[in-house]
Amino acid sequence: MQIGYKLAAEGFGPAELIRQAVQAERAGFDFVEISDHFHPWLDNQGHSPFAWTVLGAIAARTDRIGMATGVTCPILRYHPAIVAQAAATMALVSDGRFTLGVGSGERLNEHIVGLEFPDSVRVRHDMLREAIDIIRLLWSGGYRSYAGQYLHLSDARIFDLPDEPPVLAVAAGGPRAAELAAELGDGLFATDADPEIVRHYREHGGTGPRYAEVPLAWAPDEHTGAQAALETTRWALAGWKVMSELPNPVNFAAASATVREEDVRDHFTCGSDPQRYVEAVRAYIDAGFDHLVLQNAGPDPDGFLEFYRDELDQRLRRSLTPAASPG
């Protein structure tokens, strides 16, 4: 089992994210995961720096901690050739500590280049399949061309390639995407403690790392944590079908206007009781995930990092062992 720290790029500027990553390494986390967005989910989050610049700086300022995108969409805002080049460079400058997480994206971030974000999930998955084909092709070396239904590549070559390509983990919110992750990826990304996603991934041959994000809101008391999550992260309660479709932060503000503190408490583990955090993580372990990303929506990142270092790290590692494989 590995435990990661989510760098909330919608909530903090680039220098602060780099600082948090350095502190996460000192606190004992195994890896950091950063969202790769153009917009925040809500205007009051106030940030959304370029993830790849932040990652490069983290690689230069840390020694052992892993890094991952959680996740990059390589079908519209980025051409997959650019993602392949960026990931190869990150693998080199991090000495192999980088994992490329990819997914089919959200309208929030992809519509900004003036290309139509597909309404059909099937089309998005087909585009993602082509994008992964292109990334793999370029990582194999040499000049490469590709003619797909949606994406094309013409005489492209990545000159700086690592000896071993990065792990490529594919995001999945349902059975079809889990099958795609098993077929084309080296690992799985998910956000729900859903054993069915892991079961589909394994049944279709997936054997790699299985990442999942655990929603938390650390604060000295539950109310303070829940209020912070309500203010900045209530959009997360909308569910993926909403999260993938809305175009701008103002739409997420409207869609989440009726979320209450009690709703947040149902979704996030709030407060400072270590045992409740162990139980929250246990649900994901029991569902079959082995790379757990602690996603803190609380108001004090330094307080959370100290809490993890002093009270949670060893408690988690002692008490959490994978249950029998689901399915």
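It should be emphasised that the depicted structure is a prediction, and the values quoted were computed from it without experimental measurement. Heavy-atom basis, side chains included; hydrogens, waters and symmetry copies ignored. Count residues from 1 along the sequence.
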- prompt: Under the side chain to side chain contact (heavy atoms under 4.5 Å, CB included) criterion, do L138 and Q85 qualify, and how do the steps go?
  reply: CA-CA 8 Å; L138 287 169; Q85 182 188 34; over 6 Å; no

Going by atom type alone, with no hydrogens or angles, which donor-acceptor pairs under 3.5 Å involve a side-chain atom of residues 246-261 and a protein atom two or more places apart or on another chain?
| from | atom 1 | to | atom 2 | distance (Å) |
| --- | --- | --- | --- | --- |
| N251 | OD1 | N248 | N | 3.0 |
| S256 | OG | R234 | NE | 3.1 |
| S256 | OG | F252 | O | 2.7 |
| R260 | NE | D263 | OD2 | 3.1 |
| R260 | NH1 | E262 | OE2 | 3.4 |
| R260 | NH2 | D263 | OD1 | 2.9 |
| E261 | OE1 | H223 | ND1 | 3.1 |
| E261 | OE1 | Q227 | NE2 | 2.7 |
| E261 | OE2 | H223 | ND1 | 3.1 |
| E261 | OE2 | R265 | NE | 3.0 |
| E261 | OE2 | R265 | NH2 | 2.9 |

Pairwise side-chain contact, I58 with V22, heavy-atom cut-off 4.5 Å (strictly under): no

Working for side chain to side chain contact (heavy atoms under 4.5 Å, CB included), residues D155 and R144: CA-CA 5 Å; D155 290 332; R144 300 292 181 173; over 6 Å; no

- prompt: Minimum heavy-atom separation for A178 to A172, with atom names?
  reply: N-CB, 3.5 Å

task: Verify side-chain hydrogen bond (donor to acceptor under 3.5 Å, both in side chains) between E10 and H37, making sure each step is shown before the conclusion.
output: CA-CA 8 Å; E10 304 84 4; H37 286 185; 3.0 Å; yes

- request: Could you tell me the separation between the CG atom of L184 and the CD atom of E179, rounded to the nearest 0.5 Å?
  value: 11.5 Å

- line: When rounded to the nearest 0.5 Å, the distance separating OG1 of T69 from CG of L7 is 12.0 Å

field: Flag if over 12 foreign heavy atoms under 6.0 Å of CG, D160
entry: no

message: Measuring from atom CZ of F117 to atom NE2 of H111, what distance do you get when rounded to the nearest 0.5 angstrom?
response: 11.0 Å

Straight-line distance of D192 CG to I197 CD1, nearest 0.5 Å: 6.0 Å

field: Steps toward side chain to side chain contact (heavy atoms under 4.5 Å, CB included) verdict (N109, H39)
entry: CA-CA 6 Å; N109 302 298; H39 289 146; 4.2 Å; yes

- request: Look at the side-chain heavy atoms of Ile, Leu, Val, Met, Phe, Trp and Tyr, link any pair under 4.5 Å apart, and say whether I82 and I132 land in one connected group.
  value: no

message: If you compare all heavy atoms of S35 against all heavy atoms of A51, which two are closest, and at what distance to 0.1 Å?
response: O-CB, 3.7 Å

field: Reported OG1-to-CG distance for the pair T207 and L188, which is rounded to 0.5 angstrom
entry: 11.5 Å

query: Does any donor atom in the side chain of Q314 or R317 lie under 3.5 Å from an acceptor atom in the other side chain?
result: no

- prompt: Hey, is D194 close enough to R199 for a salt bridge, meaning N to O under 4.0 Å?
  reply: no

query: Do R202 and R210 come within less than 4.5 Å of each other through their side chains, counting heavy atoms only?
result: yes

Nearest non-hydrogen partners of A88 and L161, listed with the distance: CB-CD2, 4.0 Å

task: For the residue pair T62 and R97, confirm or rule out a side-chain donor-acceptor distance under 3.5 Å.
output: yes

query: For Q275, does the CD atom sit with more than 12 other heavy atoms under 6.0 Å from it, leaving out its own atoms?
result: yes

field: Within one Ile-Leu-Val-Met-Phe-Trp-Tyr cluster: V167 and L100, side-chain cutoff 4.5 Å
entry: no

query: Between CD1 of I65 and CZ of F29, what distance do you get to the nearest 0.5 Å?
result: 8.0 Å

- request: Dump the intermediate steps for side chain to side chain contact (heavy atoms under 4.5 Å, CB included) on R77 and D36, then the final yes or no.
  value: CA-CA 11 Å; R77 177 169 48 111; D36 185 358; 3.7 Å; yes

message: I need the minimum non-hydrogen distance between Y201 and P209, along with the two atoms involved.
response: OH-O, 4.5 Å

task: Go through the structure and list residues passing side-chain contact (heavy atoms from CB on, under 4.5 Å) with S272, not counting sequence neighbours.
output: W218

- prompt: Would a hydrophobic clustering, with Ile, Leu, Val, Met, Phe, Trp and Tyr connected at side-chain separations under 4.5 Å, put F38 with L55?
  reply: yes

- prompt: Should R19 and D302 be marked as a salt bridge (Lys or Arg N to Asp or Glu O under 4.0 Å) after you check the CA-CA gap, both sets of side-chain angles, and the distance that decides it?
  reply: CA-CA 10 Å; R19 188 193 69 81; D302 286 319; 3.0 Å; yes

statement: Excluding Y211, membership of its hydrophobic cluster (Ile, Leu, Val, Met, Phe, Trp, Tyr; side-chain heavy atoms within less than 4.5 Å) reads F31, V71, F189, V293

task: Determine whether the side chains of H125 and R176 contain a donor N or O and an acceptor N or O closer than 3.5 Å.
output: yes

Any side-chain heavy-atom pair of P299 and T224 under 4.5 Å: yes

message: If the threshold is 4.0 Å, N to carboxylate O, is there a salt bridge linking E183 and R129?
response: yes

task: Could you pull out all residues at least two apart from R122 that satisfy salt bridge (Lys or Arg N to Asp or Glu O under 4.0 Å)?
output: D126

Members sharing Y143's hydrophobic cluster (side chains within less than 4.5 Å): F159

message: Show me the pairs that pass salt bridge (charged side-chain N to carboxylate O under 4.0 Å, His left out) and involve residues 111-121, at least two apart or across chains.
response: R107-E116, R107-D119

Smallest separation among heavy atoms of G103 and A171, with atom names: CA-CB, 4.1 Å

query: Quick one: do E110 and R124 make a salt bridge, cutoff under 4.0 Å?
result: no

message: Check for me, please, whether L128 and L137 land in the same ILVMFWY cluster - side-chain distances under 4.5 Å, paths through other members count.
response: yes

- prompt: Do the non-hydrogen side-chain atoms of V278 and L312 ever get within less than 4.5 Å of each other?
  reply: yes

task: Flag yes if W41 and V264 sit in one hydrophobic cluster, no otherwise; membership is Ile, Leu, Val, Met, Phe, Trp, Tyr, and two members link when side-chain heavy atoms are under 4.5 Å apart.
output: no

task: Would you check if there is a donor-acceptor pair between the side chains of Y5 and E33 at a distance under 3.5 Å?
output: no

message: Is the shortest side-chain heavy-atom distance between F307 and D310 below 4.5 Å?
response: no

query: Any side-chain heavy-atom pair from L92 and F98 closer than 4.5 angstrom?
result: no

task: Flag the pair E222 / D273 as yes when at least one side-chain heavy-atom distance between them is below 4.5 Å, and no otherwise.
output: no

query: Heavy atoms, side chains only, cut-off 4.5 Å: are D133 and R136 in contact?
result: no

field: Basic-acidic side-chain contact under 4.0 Å: R282, D286
entry: yes

query: Does the separation of the ring centres of Y308 and Y277 fall below 6.0 angstrom?
result: no

